[in-house]
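Comments concern the structure below.
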Amino acid sequence: MNTPNRRQALGAGLAVSALAGLSACGGGTVGAADAGKPVKGGTLRVGITGGNSADTIDAHIPVNNGDVCRSVNLYNALYGWDDDSQVVPLLAESFEANDDSTVWTCTLKEGIKFSDGKPITPEDVVFSFKRITDPDDPKTAAANFTMLDKVVPTGERTLEFRLSEPNGLFNDAVAEYTAGIVPVDYDPENPVCSGPFKLKSFTAAQSTVLVPNEYYFDYDKTYLDEVELLNFNDDDALINALLSTQVDAIAGIPLALVEVIGADERMSILNSKTGMWLPFTMRVDKKPFDDVKVRQAFRLVVDRPQMIEQVLSGYGTIGNDMFGPLSENYPKFPQRKRDIDKAKKLLAEAGYPDGLEVELVTAPIQSGAVEAAQVFAQQAADAGITVKIRKVDATTFFGDEYLKWDFAQDFWYTRDFMPQVISCALSESPFNETHWDDAKFNKVFDKARAIPDAGERRDYEHELQKMLYDEGGYIVWGFANQVDAFQKYVGGLVPNSTGRPLSGWRFDRVWIGEV
Amino acid sequence: MFGKVIGKRLLFSAFILIAVSLLVFGATLLLPGDAARAILGQQATPERIAALNEQLGLNDPAWLRYFHWLGGLFVGDFGTSSATGGSVSALLGDRVWASFVLMGLAAIVSVPLGIGLGVYQALHRGGRRDQAMTGASLVFAAMPEFVIGIGLIAIFATSVFQILPAVTLAPPGEPVWNRPEQLILPTLTLILVVTPYIVRMMRATMIEVLDSGFVEMARLKGVPEKRVILRHAVPHALGPVAQVVAIQLAWLAGGVVVVEFLFRYPGLGQALIDGVTYRDVQVVQAISMLVAAVYVVVNLAADVVGILTNPKLRSAA
Amino acid sequence: MSTDANSLDDLKSAATDAAEVPKESQTTYVPFYKRVLAQKQGKIGLTITLVIVVLSLCGPLLLPWATGNTATEFVTKPFSPYGLFGSDNLGRDVLSRFLAGGLTLIVYGVLATVLGMVVGAIIGMLAAYVGGRFDAVIMRLNDVILAIPQLVFALLAITVLGPQGWVLVTVIGLTHAPRIARVARSATLGVITEDYIKAAEMYAMPRWKVLLRELLPNITGPLSVEAGLRLTYSIGYIASLSFLGLGLQPPAADWGLMINENRIALSIQPWGVLLPVIAIALLTIGTNLLADSFARATASTSVEA
């Protein structure tokens, strides 16, 4: 299991710096101070953008913001992430691997029940994973469980996950919110829930009403009587709803407007440092990026502090061409800084003494993406690199050419180093956009993957990280903060590094204070 | 006699709509990309994509899809939105009414206003006020809608006064007319765009009528001036102006697009822009057809009115 | 005032045509440009248009003088009041981007207008000159295109082909064409029965020569009015599309795009929006006043003739 050592310390540091960031942004403070002591009762109205007629309350196919929010509140997985993106137990009491990480044994908490009062049994867990990995209709999380051979109940509260190959990271996979536990007779239209809330009503693209699940094991610690989730068309409508007290909290505000909203005395800003990254992706198998010197030069032309300032309005942390900043084994490599002379020298050595011209494909895939491309183009010009920006729409970006662009961008939520590598840096990774495929890297990774303990994995991870840091195809210039806003009377919202808004969507800790 | 002419116009309108539908559908065949992937998103599995392709009938030949689509239009089924995965009809349902409210309000204000101002100008032609109003109508007729709209926002919502909302806030499920103050600026923008044309037309027609023989005659007979204008001149000028009014109404169906986007008004125009931004072909097709239908119907009505009221055309028919 | 016209644009033109004819120019022949400039509208329109065009043409040259920067460089934090007119959403100097942002709009507007005029005039003149079934078919096809508002048509094209410069110019030009064709057709019908045309035909002059040498010069009046109007609309449509985020794409410095990018901060940093808005307003007002004075100038010769 992940023992809380270095990462805990890092998490604490983040909480402090997040607070520091808050005080710098126009007097917004974390709500608890204003909302007073926790109070029982009341309705929390939450505004979100997006939502459409395909919105779902199905535990296993969440797509957009609202789906994830519903999924997190209605269903518990065996494990989950806490505010520092650490894996913590939810329905499981423990989750242990055998020596070679091929069998994981799970013990469920005692006396846990679904919202209809029936006990949560190992059979329900078996059913849930069958449903996720159904070969005829694989759900969102199916790709995480390709190595899962079968799930076998072994006792009243215990079951075994038998894997076809060693995997020390399996506990990370079961902690995804897409792996929620549902009962054997699960009806996604009329769901029985395992999470802190159950469904009262749901209208796609409009509103969702949740009420506390009285059979939830921490029901006593739930403060609210009701949660109302309201969909809005866009940021303007969302912000207006907050300012006119139509909603109590909104998920995600444009970073350029943080100061304006924070200036309103009635509002609190929730500024969370996260591991969300918005990298530039260079294909290591395509000219000119097949030359490692070109990749290094491109990484050296980025003025990272300026990127944070201009693209994220200052609400972010500087990146060091390395993902997974909240990983326990995040390396302490020297911070890469802008060095135009060295970049020019590298380009000259790579055969481009007079600079070169590249096309950067960008799309509005995440707020800040197109802006980042523009700022990069400007910064690269100083080193003789002419960046031609090609802006396409998001559908085209994720269309046939996705993962094939020579030089483009992408967006990733907070993930630890190892799962992130599985997603994007192995030849079999589903999203290997830089086409990174290194024999030595793969070998080391296979060794690391079999070790469940992060501490014991450290040396291998550092070796992998060093390779990516020196030669990889990502330009990781920074990590964006998640910034939300809420009325001062809302209590219990704290910075959360997962990138999911409003304390990772978990509303069981939130209360409506005295105004 | 009339029936035959009107029937001919009706047939012609149907022909136009069919031709437009061919044009609109044909255009989308040029579109690259994968609608099923667009619906299911970046992380969809190939199985789910294949299933959806089958479900949406995307494996059928183009002509079959065209007839399915065309058939759907008649029963109000506009297909499946690739951006949202839901039915286009459901997406557009409330928005049609929201847009209709906006256009209706603009029409209710600008038609009498335009006619009144036109008459006033015609009666005071050549005067300083007439010239000023002519200049003003030239100015407003020139500017794109969004320029006028931003001007209004800067004056009434942000920079000068802060008395009106700059964007429309529509909580889910609540109709837009529940908050009338939000309708003021978008409606005013449309009015400022539409009215100048009606004013100019009314002024010109009115001048023609005022100079004509029968008005002279009425005056010579000693009919009071007020009565001359209200009972004799204005009704005669209204005929041609009705045509302009009809055409302005048809124009509103397209012009409302930019205004809705500017004020984040939850109508068809906003849906169209979203559709284009996300390359949501079904939505763009559906709205293009709706707008074309409005245009054709309003023009048909104008033609009928024109045929019925114009003695020259009546005899020609 | 024709009641059978069933196009908005005809009536827009008609409404412009209906402007009162100044009495003093009815007696003696005065060259067209002098007739235009003799009017207040003409003078004001020409002045405004020239000022904006000169500003757009010279703007890029003025950049170093204005701020010491190019239009894509960064100066400071987003939406800060640094410099004369502050900075935009990415911290770029608003004045620089304003100076650099008019050229493409004007060039695209002119190109779309020229395309529409050439195609529309050819179709209209041919339809009138050839007549018969050809005329009927062409005019029916025109009606089909007219049934979709220009902006909606442009949006349809952009959905399919993407927001590229040539798409904007082509689709706006081509959707102008049927509207211009109507005007060209009715103007041609007006002169086609004149004696000199008949004379030219009698001398067995090739058809294209008749069209080019005899017909075209005699319909330049209505066509010039049309050109002025279409230029106004072209600029309006292209600016609108950029404003919708579907025209010129970042990092282009363009007035419409600037408005789009800075709109969210209208209340904290208005200049990024207001400068380009004012410029677009002035430009379209200027060209529309010119079109209006063309109409008056044309009307006065037809009275004379």
Side-chain angles (χ1 to χ4, degrees), chain B residues 15-17 19-20 23-24 27-28 30-31 125 134 138-139 141-147 150-151 153-154 158-159 166 197 200-201 204-205 207-208 239-240 243-244 247-248 250-251 253-255 257-258 261 272-273 275-277 279 281 284 287-288 291-292 295-296 299 302-303 306 310 313, chain C residues 1-8 11-12 14-20 40-41 140-141 143-153 155-161 163 232 235-237 239-240 243-246 256 259 263 266-267 270 273-274 277-278 280-281 284-289 291-292:
Chain B
F15 157 76
I16 287 196
L17 277 180
V20 168
L23 191 74
V24 167
T28 57
L30 301 169
L31 188 75
R125 95 180 94 141
T134 303
L138 268 177
V139 164
M143 288 188 281
E145 304 86 346
F146 78 93
V147 167
I150 287 179
I153 290 179
T158 61
S159 304
Y197 293 107
R200 300 200 77 185
M201 193 66 182
T205 323
I207 285 173
E208 225 171 75
Q243 202 87 359
V244 177
I247 283 148
Q248 286 299 319
W251 175 87
V257 171
V258 181
F261 176 81
L272 178 60
I273 301 299
V276 180
T277 309
R279 287 206 154 178
V281 177
V284 176
I287 298 177
S288 305
V291 169
Y295 180 90
V296 167
N299 266 312
D303 283 350
N310 190 311
L313 279 179
Chain C
M1 224 37 41
S2 60
T3 44
D4 57 339
N6 60 352
S7 132
L8 162 65
L11 283 153
K12 280 180 177 172
T16 320
D17 286 337
E20 235 181 326
K40 220 193 301 171
Q41 269 95 335
R140 289 300 85 93
L141 287 180
D143 285 336
V144 172
I145 296 183
L146 289 174
I148 307 180
Q150 272 184 282
L151 195 73
V152 176
F153 211 111
L155 291 174
L156 186 65
I158 289 168
T159 313
V160 177
L161 299 166
T232 309
I235 292 168
Y237 286 131
S240 294
F243 163 71
L244 295 173
L246 299 166
I259 297 168
R263 191 162 62 110
L266 183 63
S267 52
V273 176
L274 290 187
V277 159
I278 292 168
I280 293 172
T284 47
I285 290 169
T287 52
N288 202 38
L289 287 175
D292 186 64

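- Take F153(C) and apply the ring pair (Phe, Tyr, Trp, His ring centres under 6.0 Å) test, not counting sequence neighbours, and it matches no residue.
- Within the 4.5 Å cutoff, the side chain of V284(B) has no heavy atoms near those of the L155(C) side chain.
- When each of L272(B), I273(B), V291(B) is checked for heavy-atom pairs under 4.5 Å with chain C, I273(B) comes out on top.
- At least one side-chain heavy atom of R200(B) sits under 4.5 Å from a side-chain heavy atom of L138(B).
- Heavy atoms closer than 4.5 Å to chain B are found in both the backbone and the side chain of V144(C).
- Of all the listed residues (L151(C), I145(C), L266(C)), the one sharing the greatest number of non-hydrogen pairs under 4.5 Å with chain B is L266(C).
- Heavy atoms of I235(C) lying under 4.5 Å from chain B are absent altogether.
- Interface remark: V139(B) contributes backbone and side-chain atoms alike to the contact with chain C (heavy atom separation under 4.5 Å).
- Summarising the geometry, atom CD1 belonging to I148(C) is positioned 10.5 Å from atom CD1 belonging to I16(B); distances are rounded to the nearest 0.5 Å.
- Note on L244(C), V277(C), V273(C), I259(C): by heavy-atom pairs under 4.5 Å with chain B, the leading option is L244(C).
- Formation of a donor-acceptor pair under 3.5 Å by the N299(B) side chain with backbone atoms of Y295(B) is found in this model.
- Note: S240(C) leads G286(C), P149(C), S240(C) in heavy-atom pairs under 4.5 Å with chain B.
- The part of L274(C) that comes within reach of chain B is its side chain, from C-beta onward, which places non-hydrogen atoms under 4.5 angstrom from that chain.
- By the 30° and 60° cut-offs, the orientation of the rings of F261(B) relative to F243(C) is perpendicular.
- Nearest approach of A147(C) to V20(B), heavy atoms of both residues: CB-CG2, 4.0 Å.
- Interface residue L246(C): only side-chain heavy atoms are found under 4.5 Å from chain B.
- With chain B as partner, the option from P270(C), G256(C), G245(C), A239(C) having the largest number of non-hydrogen pairs under 4.5 angstrom is A239(C).
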